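These numbers were taken from a predicted model, which means no experiment stands behind them.
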Amino acid sequence: MDFFQRQDQARRKTKWLVLYFSLAVISMIVMIYCVSWFAFQYVDSRHHHYYTDGPVQMQMEMQANFWDPKLFAGVVLGTLAVIICGSTYKTMALAGGGGAVAESLGGRLVASNTTDPDERKLLNVVEEMAIASGTPMPQVYVLDDEKGINAFAAGHTPGDAVVAVTHGCMKLLSRDELQGVIGHEFSHILNGDMRLNVRLIGILFGIFCIATIGRILMNTRGGNSRDRNALPLFGILLLAIGALGLFFGRLIQAAVSRQREFLADASSVQFTRNPAGLSGALQKIGGYGFGSWLISDHAPDAGHLFFGNGIPRPLFRMMATHPPLEDRIRAIDTTWDGKFPRVDMTEIREEIKKDADRPRPVFVDGRMIILGGVMADAATAARPPVIKSHSVLPNLGNPTPLHLKYAEQLRDALPENITNTAREPLAAAALIYALLLAADEKLRATQIDGIDKNFSPDVAAQTAALFPDVSKIAAHVRLPIVNLSLGALKQLTPEQFSRFSATLQWLINSDGQVALFEFVLQKIVMRNLAPKFGGTPPVPVQFYTLKPLVPDCVVILSALAQVGSDDAAEIQRAFDTGAPYLRVPDDAPVGLLPREQCGVDAISAALDRLTLAVPIIKRNLIEASTHVIGADGIIQEGEAELLRAVADTLDCPIPPFIAV
């Protein structure tokens, strides 16, 4: 199953979620109707007991018809109103992305420039995973009050995703174990589970509101002893019905989560090629007194998000959101002896210290991954990496250990000032600007002066200071640097972001034209920062067939064909090589567009529409695009940058291109 099949499966699983949710609501409506009918009968019976002449009339009232259309309609409307309002409220509260989920659970944002050893270790692992998978650097949270070993990923898209770990997870796991856990969470990001899981929190909150109302009614008081208040009794019954809602909610969480955990475990092992790391993390959970439990009051609502079971084990195994630890460990580590080692804090800290001091390997299978290094020179410019078209699509959403090793080496090989700059919010803005400065000295001076006026003198000075090093960076390293900077840029204040984006637009237009790399950089940066600062809600799928999107696909393929060559025959051959993979209906015209019809404005508009398509359409476009740029067997830097921008906009992260 490839990346797009997993994405489509996650999307289709939403339909089953709707079915489960509907069954739960219907069951609760029936139960609430029964409770309401008996409650009204009880009130009437008490009234007649005190104010009628005898038990005959009371008995006649008690024998009233069980079916009451008006009462049923009121129950339906009332129940739906509570559930819909509750779900809508929670969904809107989580519209900001994964950060809203992490903060609701007590998470603290880890500063991208932190010097704390444990936090730095955590950020380094997440950085490596982000580079290796081609995803933007997510923000990282730590749940300081949680001693258990746990983690989760949350968000609507890779652009607003966060990775969060508990304090116990950060402190007690070695680097390899932490890498296994983070690999598991990145699998949820890449497999489409993350968005479904966040949706589920909002949907289930509406069901749980019934129990909340029951608790409120239980605390009400009556007016006098003769006219007793029935609301506390009604509250107790609603609380019991809320328990039914809780039961259905746990079943839904289990149905959505349990099997996905096995897949995420397998993906993590495939990614890191280190089953001992993930197995060690799971074994520590089993041997640790606090296990993976969370104490947050909101933990039950998000139980399906976690790496391990975050709430006490349910009475019935069918309601468990996670498979048993024993089953998960044996699925990835056949050598496990079945025993959970005792977790001793002192021994663990010594073990982690030794692990941190151990030198990490630089070679994989006897080969250096970063061929040509990260600094540009004439030799590497003349030697573009050779790729095979059929090797790109299988790696999309499926990074390999080679990609992970590439990411480690790339980060370590970058000049220290660039690495440090990418982790400071304002310095990261200067780094983005430095990537866009002109080679012409006079124009560059004008651009720096504009940054001084539009943003700040400090950022302008830092941009100028960074330019000498940034100008020497190899072209294939620029986009990973941009992705690394996104985590720090998300820590800008809204006012700083407003100035940053306006200055970015001015800088790109300052020379009177928009170069390909400038377009790619702006598209990636603004798309991934918009959820944080623009409050844009997740956009639902709007296109289920390819036909209305054929013109947009043609724009993308035409642009890709013309990036790598100026020869008309080669351009036509590249387009013709990729176009059949779109699988366009026979009655839809497909033909190469002239250069003036596939400029950056046309590309941007086409991508905005294509992002609303179902996964299979995106798959066909990425496959066709790959064959276009691979028609000559060589990938040029401009082709790679545009393809990465296309994939990023479509939420289809492409790992780095590794030479073969």
Side-chain angles (χ1 to χ4, degrees), residues 96-103 107-116 118-142 151-165 170 178-179 182-183 185-186 189-190 194 404 407-408 410-412 414 416-435 459 462 466 477-494 496-497 500-501 504 521-534 644 648 651 653 656:
V101 179
E103 290 168 8
R108 169 182 58 85
L109 178 64
V110 178
S112 55
N113 58 351
T114 180
T115 57
D116 178 85
D118 290 313
E119 293 180 356
R120 188 72 262 157
K121 175 184 69 174
L122 172 62
L123 287 181
N124 286 345
V125 171
V126 176
E127 285 178 353
E128 292 163 7
M129 294 287 178
I131 295 173
S133 60
T135 58
M137 175 66 184
Q139 291 190 298
V140 180
Y141 284 78
V142 172
F152 65 88
H156 301 291
T157 67
D160 66 15
V162 305
V163 172
V165 303
M170 182 178 69
L178 188 61
Q179 189 180 69
I182 300 301
E185 299 308 326
F186 263 79
I189 296 175
L190 297 172
M194 183 179 64
L404 185 57
E408 292 181 30
L410 174 62
R411 194 197 63 239
D412 294 341
L414 287 172
E416 186 175 355
N417 68 320
I418 291 181
T419 304
N420 293 336
T421 298
R423 294 167 176 165
E424 295 273 359
L426 290 176
L431 179 58
I432 296 297
Y433 293 154
L435 289 167
V459 171
Q462 193 161 17
L466 284 168
V477 181
R478 292 184 296 181
L479 284 183
I481 290 177
V482 172
N483 276 344
L484 277 181
S485 302
L486 291 174
L489 290 173
K490 290 176 183 177
Q491 297 178 31
L492 293 172
T493 66
Q496 289 172 338
F497 172 74
F500 166 74
S501 57
L504 179 65
L521 184 149
Q522 184 183 37
K523 192 74 176 175
I524 291 176
V525 169
M526 298 310 297
R527 173 171 171 77
N528 286 291
L529 295 186
K532 172 69 175 181
F533 296 101
R644 293 284 294 273
D648 181 87
D651 293 326

_Distance (rounded to the nearest 0.5 Å) between Leu489 CG and Asn528 CG_ = 10.5 Å
*Distance-only, no hydrogens or angles: does the Gln491 side chain make a donor-acceptor pair with backbone N or O of Pro425 under 3.5 Å?*
no
*Can you name the residues that form a ring-ring contact (aromatic ring centres under 6.0 Å, His included) with Phe500, not counting sequence neighbours?*
Tyr433
*asked:* Just verifying a value: how many Å separate Ile131 CD1 and Leu484 CG, rounded to the nearest 0.5 Å?
replied: 4.0 Å
*Considering all heavy atoms of both residues, which atom of Ala428 and which atom of Ala422 are nearest to each other, and what is their separation?*
CB-O, 4.1 Å
_So, taking the atom named CD1 in Ile182 and the one named CG in Leu122, what distance separates them when rounded to the nearest 0.5 Å?_
5.5 Å
*Locate the shortest heavy-atom distance separating Ser133 from Leu190; write the atom from each residue and the value.*
CB-CD1, 4.2 Å
*Smallest separation among heavy atoms of Gln179 and Leu404, with atom names*: NE2-CD2, 3.7 Å
*Is there a side-chain contact (heavy atoms from CB on, under 4.5 Å) between Phe186 and Val163 once you walk through the steps?*
CA-CA 8 Å; Phe186 263 79; Val163 172; 4.2 Å; yes
*What are the two closest non-hydrogen atoms of Ala132 and Pro656, and how far apart are they?*
O-CD, 3.4 Å
*Just how far is it from atom NE2 of His156 to atom CG of Asp651, taken to the nearest 0.5 Å?*
12.0 Å
*Test side-chain contact (heavy atoms from CB on, under 4.5 Å) on Gln522 and Val525 and set out the steps.*
CA-CA 5 Å; Gln522 184 183 37; Val525 169; 5.9 Å; no
*Below 4.5 Å, heavy atoms only, C-beta onward: do Gln462 and Leu426 meet side chain to side chain?*
no
*When rounded to the nearest 0.5 angstrom, what distance separates CG in Leu435 from CG in Leu431?*
5.0 Å
*Name all residues meeting the side chain to side chain contact (heavy atoms under 4.5 Å, CB included) criterion together with Glu103; count only those two or more places apart in sequence or in a different chain, and write none if there are none.*
Tyr141
*May I have the step-by-step check of side-chain contact (heavy atoms from CB on, under 4.5 Å) for Val142 and Val165, ending in yes or no?*
CA-CA 5 Å; Val142 172; Val165 303; 4.2 Å; yes
*Check whether any side-chain N or O of Asn420 sits under 3.5 Å from a backbone N or O of Asn417 as a donor-acceptor pair, and report yes or no.*
no
*Considering all heavy atoms of both residues, which atom of Met194 and which atom of Ala161 are nearest to each other, and what is their separation?*
SD-CB, 3.7 Å
*Side chains of Val101 and Val162: does their closest heavy-atom pair fall under 4.5 Å?*
no
_Verdict with reasoning, Lys490 to Leu529, per side-chain contact (heavy atoms from CB on, under 4.5 Å)_ = CA-CA 6 Å; Lys490 290 176 183 177; Leu529 295 186; 3.5 Å; yes
*Nearest heavy-atom pair of Ser112 and Ala488: which atoms, and what distance?*
OG-CB, 3.5 Å
_Tell me every residue that passes salt bridge (charged side-chain N to carboxylate O under 4.0 Å, His left out) with Arg120, counting only those two or more places apart in sequence or in another chain._
Glu127
*Should Met129 and Val126 count as side-chain neighbours, where that means a heavy-atom distance under 4.5 Å?*
no
*If you measure from CD1 on Ile524 to CG on Leu479, what distance do you get to the nearest 0.5 Å?*
5.0 Å
*Would you call Ile432 and Ile481 a side-chain contact if the rule is heavy atoms closer than 4.5 Å?*
no
*Are Leu504 and Met526 side-chain neighbours, meaning at least one heavy-atom pair lies under 4.5 Å?*
yes
